[in-house]
Amino acid sequence: MSDQQNAPHDGAPHLTDADIEAAAALLDAGELVAFPTETVYGLGGDAASPEAVARIYAAKGRPANHPVIVHLPPGGDPRYWAAEWPEAAQKLVDAFWPGPLTLIVKRHARIPDAVSGGQDSVGLRCPSHPVAQKLLAAFSRRRGGHGGVAAPSANRFGHVSPTTAQHVRDEFGAAVHVLDGGACEVGIESTILDLSRGFPALLRPGHVTPHDIARVLGEPPRLPDGSDATAPRASGTLKAHYAPRTPLALLPFEALEPLLSKAADAGETVALVARASRAGAWAQAPGVHFVAAPEEPQAYARELYGLLRELDRANVARILIEKLPETLEWIAVNDRLGRAAAAFEAQQQD
Ligand code: TXA
Ligand code: MG
């Protein structure tokens, strides 16, 4: 994870200690603060305060039965928030924290119900972004070293997660105080691994891969295939999520070509997101707003949400996206693209 320790902060203003303290004071007073992490921006509130957590739900328009992740500073004690702390959890913390891995464990009784959406578990994560770390440390100090910040992604429910401070402002306007820490290095939400049920189960793929987890635990995590009826609820695991507003189709390149021809015949402008190595002559075709997709999964993940937001504003009739290979290295990008496309398929049926 060392590549994320020094995330670039292109164009981000310098934040002073006073800026960080002012934001921590807002959290202390039960207010919300949006802050950068290495994955996406979070909308934070005091995890020990049911009122602050209720504010998060209200701002997002999120149903109250969806749990939020508790964010801890480096050196924070995850066991303070957990009723059980399995050996596997400690191994993963040692290997990947701070970094983009959220662990689900049985929750301690001190955690407000609202944080866990009524479930008996809690998601814990220690982000590696320096601004997140400073904010979390400053807030935790105000709570005798045991402060935690509940934070979902800083977007309205069902929208694409924000990867810049401007994205957060686009979602909430001036209503939310935003700490600007530049563009997020990872670009998609953290990997979520459930350790609360006696075996490791991947709930949401991310930058920390099943392979990374297997290497540390000595066994691969169970993968999310939708067939596990005992799996806990997670909004990121709803089929239709991460939706842009423009209709979106996700198909292998061969299946996109007839749609491109049809759009050309109808005189429609469409966006085409495909790896340049696949797009061929369509990249220059009239009526095609071509976006060369990164050929490599980490770079694709970093650009994905910004790209979807940009294409939403590009005034195209449809967004056509090349479906990527169904291999483990693309699992996280495929997951997010699949949900964005599913959101549109669901709308079409309504
Ligand atoms: O990268 C991230 O994880 C970002 C940054 C801000 O840290 N946060 C994030 O939070 O993506 P959110 O709320 O947008 O997505 C967290 C997912 C949701 O799908 C939620 O339902 C699930 O984690 N989750 C949280 N606590 C859980 C729990 N106790 N059991 C099962 N799922 C849980
Ligand atoms: Mg989210």
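Note: hydrogens, waters and symmetry copies are ignored here, and every other heavy atom, side chains too, is used. Computed from a predicted structure; not experimentally measured. When a ligand or atom number is given, it counts from 1 through the structure's own listing order.
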TODO: For ligand 1, note which part of Asp194 has a heavy atom under 4.0 Å away: side chain, backbone, both or neither.
DONE: neither

Task: Arg107 contact mode with ligand 1 (heavy-atom cut-off under 4.0 Å) - done: neither

In ligand 1, which numbered atoms sit nearer than 4.0 Å to a non-hydrogen atom of [X]?
X: Ser190; answer: 1 (O), 2 (C), 3 (O)
X: Ser121; answer: 28 (C), 29 (N), 30 (N)
X: Val122; answer: 29 (N)
X: Gly123; answer: 26 (N), 29 (N)
X: Gly42; answer: 6 (C)
X: His71; answer: 5 (C), 6 (C), 7 (O)

- [ ] Report whether Val270 and Leu256 are members of the same hydrophobic cluster (ILVMFWY, side-chain heavy atoms less than 4.5 Å apart, transitive linking).
- [x] yes

Open item on the list: Quick check on Asp265: does its CG atom have over 12 non-hydrogen neighbours (other residues, nucleotides or ligands) under 6.0 Å away?
Closed with: yes

Check: [X]/[Y] side-chain N/O donor and acceptor closer than 3.5 Å:
X: His159; Y: Glu171; value: yes
X: Glu329; Y: Thr209; value: no
X: Thr37; Y: Arg125; value: yes

Open item on the list: Checking Phe157 against His66 for the ring pair (Phe, Tyr, Trp, His ring centres under 6.0 Å) test, could you report, in this order, the C-alpha distance in whole Å, the side-chain angles of both residues, the deciding distance, and whether it holds?
Closed with: CA-CA 11 Å; Phe157 184 65; His66 288 282; 5.7 Å; yes

Could an N or O of ligand 1 be found under 3.5 Å from any N or O of [X], whether backbone or side chain?
X: Arg125; answer: yes
X: Ser153; answer: yes
X: Tyr41; answer: no
X: Arg204; answer: yes
X: Arg62; answer: yes
X: Lys60; answer: no

- [ ] Would you kindly check if the NZ (Lys) or CZ (Arg) of Arg336 is within the cone defined by 45 degrees around the ring axis of Tyr305 and under 6.0 Å from the six-membered ring centre?
- [x] no

Open item on the list: Before we go on, tell me: are the rings of Phe35 and His129 under 6.0 Å apart, centre to centre?
Closed with: no

- [ ] Out of Val68, Thr39, Ile192, Leu103, indicate the one that has the non-hydrogen atom closest to atom 1 (O) of ligand 1.
- [x] Thr39

Task: Heavy-atom closest pair, residues Tyr300 and Leu337 - done: OH-CD1, 3.7 Å

Open item on the list: Between Asn155 and the Mg ion (ligand 2), is there a contact where an N/O/S atom of the residue lies under 2.8 Å from the metal?
Closed with: no

Task: Salt-bridge criterion met for Arg141 and Glu21 (N-O under 4.0 Å) - done: yes

